[in-house]
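Along the sequence shown, residues are numbered consecutively beginning with 1.
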Amino acid sequence: MSQKKIFLVIVAISTVSLLLHHGGHFSWTMEALHLGCPSLRTHPSFSLKPKHTNVAFLKTHKTASTTMQNLLFRFAERHNLTVALPVQACGHQFCYPRTFSTHLVHPHTLPPNVVTSHMRFNHAEMQRLMPNNTIYVTILREPGSMFESLFSYYNQYCQSFKRVPNGSLEAFLDEPWRYYRPDENDSMYARNTLTFDLGGDKDHPEADVAAYARAFVAKTERVFSLVMIAEYFDESLILLRHLLSWDLEDMLYVKLNMRTSGSKHSLSPGLPAKIRVWNNLDARLYDHFNTSLWHQLAALGPACVARELRLLRRAQEKLVRGCFGGGLPQLRSAAQIKNKELRPWQPSAKVDIVGYDLPTNTNATRPGSLAHELCLKLIMPEVQYTRVLLRSQSLRYRRSYPLRSPQPQQPIRSVLSRRQHVGMQPMHRQAPPPGPGPALSPTATPRPPGTQSRATRVGLRSPGPQRKTP
């Protein structure tokens, strides 16, 4: 056989192998290419452009952010990335509502590629923690539906909500200043929560609130490459996929941390307008970035977006049916879920948060299989997944430095108590974390002499003896 024929045979075999390995990629990529989608011409499966792996996602409250966090957790695990997680005294959040500081990051999760746990945003501290090429992303939700969700979810924790007679949202909005105390514990849930999460002043004086809002919107736009919109979650994922050069399979999800319909309250006429007035800064943020989202989608091309949405939803349904025995998942109350690792935390007796349980009679859900692991993580609640990640990253950390010897540890108050070292706003009691308590983790020990991580460069300390947060 001539060298030319041998070469052609090798090419043919390689092509078939590529198509078998990337069949799903190929079909949806070629389908999108048919429409001339610009960014898909550099799809990672068919070019040398790598996936972007340094991502900071600001997890806002009651915005579908738990679903997005789960997606990022799974991406980080598949690509062997490090996720920044809180010191154990903070539970599964970075001691929210304290302003974020690098001192609140667990030393076994450094240096990170991804950060996605609840925090009050502090850009300067994030820059100290994350690589220079980090892409910043967050998510917003329409103020009316978001505030109803906040009022329902936190009515047993937020004093501004607890003192309202009969837990009436209407009564609160009729006279908000009768119940609301700006400096009270957990007041950030009762007004302009998105603004607060983004590091802004939720109670900025009315005299110049319009100018402040414009400046704050502009600042947010400079920092965040993409602001997702919860009502258009799939469309936001399309933009995120292009921004990060990720595959379709990286964007698959199921909805998490949802309430039952009985835990939701429909808004009577006039309430959405009152909510927008009360949360005027959040309303301005949402209006601006909702418009911005649609401008970005228009630039990508309506035909491309529509085609990618169909492909995303098709792949998502295939994954879900594979995990749930060929059918669609059935939402279950926490009491109905047999696997405790899949039971969502319940904020109060008045709110029912539902989750999923895997069937036991399918090959995909056989314990120990890779498919079972994938399906389990797909539906794992935030508190449990954070604990699993911390455990696995601590193990990896210790394997990297097997010769370390135990050292005396610094009391945890040095990490959390001194405001001047953390650069915090006036002190608040930490909000009750969604979960039974702080995530447990192995005890931290210092790196051996001669090694240095980003943690050392930014002056992080190891946590000491642990105590539960209130």
Side-chain angles (χ1 to χ4, degrees), residues 19-35 37 39-40 43-45 51 63-75 77-78 139 228-242 244 246-261 297 300-332 336-337 339 342 344 353-366 369-382 385:
L19 293 180
L20 287 174
H21 186 66
H22 294 293
H25 298 311
F26 183 80
S27 61
W28 71 265
T29 303
M30 290 299 101
E31 194 172 353
L33 278 172
H34 178 69
L35 293 173
C37 298
S39 296
L40 282 177
H43 188 279
S45 297
K51 297 179 183 181
T63 59
S65 63
T66 299
T67 300
M68 187 64 210
Q69 180 192 55
N70 178 276
L71 185 154
L72 290 169
F73 277 173
R74 287 183 286 113
F75 179 87
E77 284 200 290
R78 284 196 307 276
I139 187 168
M228 303 171 65
I229 298 295
E231 288 75 20
Y232 307 105
F233 192 79
D234 287 355
E235 289 85 351
S236 297
L237 286 182
I238 299 303
L239 292 176
L240 182 65
R241 197 192 71 73
H242 285 262
L244 301 177
W246 286 8
D247 295 339
L248 177 76
E249 287 78 3
D250 298 323
M251 316 312 292
L252 304 182
Y253 69 93
V254 296
K255 295 180 180 179
L256 299 175
N257 202 35
M258 294 187 295
R259 295 174 293 160
T260 59
S261 57
L297 290 169
L300 189 59
C304 283
V305 172
R307 183 64 60 91
E308 281 207 47
L309 285 173
R310 287 196 294 271
L311 295 167
L312 173 66
R313 290 163 182 167
R314 187 189 306 165
Q316 194 151 292
E317 182 177 350
K318 182 178 179 181
L319 172 63
V320 168
R321 288 186 182 278
C323 285
F324 290 91
L328 295 178
Q330 297 297 313
L331 290 170
R332 300 181 183 276
Q336 293 174 314
I337 298 174
N339 187 343
L342 299 177
I353 304 299
V354 292
Y356 310 92
D357 211 351
L358 290 177
T360 58
N361 56 349
T362 66
N363 291 331
T365 55
R366 187 173 62 253
S369 67
L370 290 177
H372 177 264
E373 186 75 7
L374 184 152
C375 295
L376 191 71
K377 298 292 180 63
L378 183 69
I379 60 176
M380 186 172 286
E382 174 183 5
Y385 207 156

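The CG atom of Leu376 sits 11.5 Å away from atom CZ of Arg74, with the distance rounded to the nearest 0.5 Å. Taken from CD in Glu382 to CZ in Phe73, the straight-line distance is 6.5 Å, to the nearest 0.5 Å. If you take CD on Glu249 and CZ on Arg241, they are separated by 9.5 Å, rounding to the nearest 0.5 Å. In this structure, the separation between CE on Met258 and CG on Leu331 is 4.5 Å, given to the nearest 0.5 Å. The CG atom of Leu297 lies 9.0 Å from the CD1 atom of Ile238; values are rounded to the nearest 0.5 Å. Summarising the geometry, atom NZ belonging to Lys51 is positioned 5.0 Å from atom CZ belonging to Phe75; distances are rounded to the nearest 0.5 Å.
Using modelled atom types, no side-chain atom of Thr63 and backbone atom of Ala230 make a donor-acceptor pair closer than 3.5 Å. Looking only at distances, a side-chain donor or acceptor of Asn70 sits under 3.5 Å from a matching main-chain atom of Lys377.
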Checking His372 against Leu358 for the side-chain contact (heavy atoms from CB on, under 4.5 Å) test, could you report, in this order, the C-alpha distance in whole Å, the side-chain angles of both residues, the deciding distance, and whether it holds? CA-CA 9 Å; His372 177 264; Leu358 290 177; 4.1 Å; yes

Arg313 and Glu317: salt bridge (charged side-chain N to carboxylate O under 4.0 Å, His left out), yes or no, with the steps? CA-CA 6 Å; Arg313 290 163 182 167; Glu317 182 177 350; over 6 Å; no

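The aromatic rings of Phe233 and Tyr253 sit perpendicular, their planes meeting at an angle over 60°, well past the 30° parallel limit.
The 12-atom threshold is exceeded at CD of Gln336, counting heavy atoms of other residues, nucleotides or ligands nearer than 6.0 Å. Heavy-atom neighbours of Lys255 NZ from other residues, nucleotides or ligands within 6.0 Å: at or below the threshold of 12.
Across every non-hydrogen atom of Leu312 and Leu248, the tightest pair is CA-CD1, 3.5 Å. Heavy-atom minimum distance, Ile337 versus Pro344: CD1-CD, 3.8 Å.
Partner of Leu71 under the side-chain contact (heavy atoms from CB on, under 4.5 Å) criterion, out of Asp250, Leu252, Leu237, Leu256: Leu237 alone.
A heavy-atom distance below 4.5 Å is not found between the side chains of Ile139 and Met68. Here the side chains of Arg332 and Leu342 are not in contact, with every heavy-atom distance at 4.5 Å or above. Two residues are said to be in side-chain contact when any heavy atoms from C-beta on lie closer than 4.5 Å; Pro329 and Ile379 fail this criterion. Using a 4.5 Å heavy-atom threshold, the side chains of Leu319 and Val254 count as separate.
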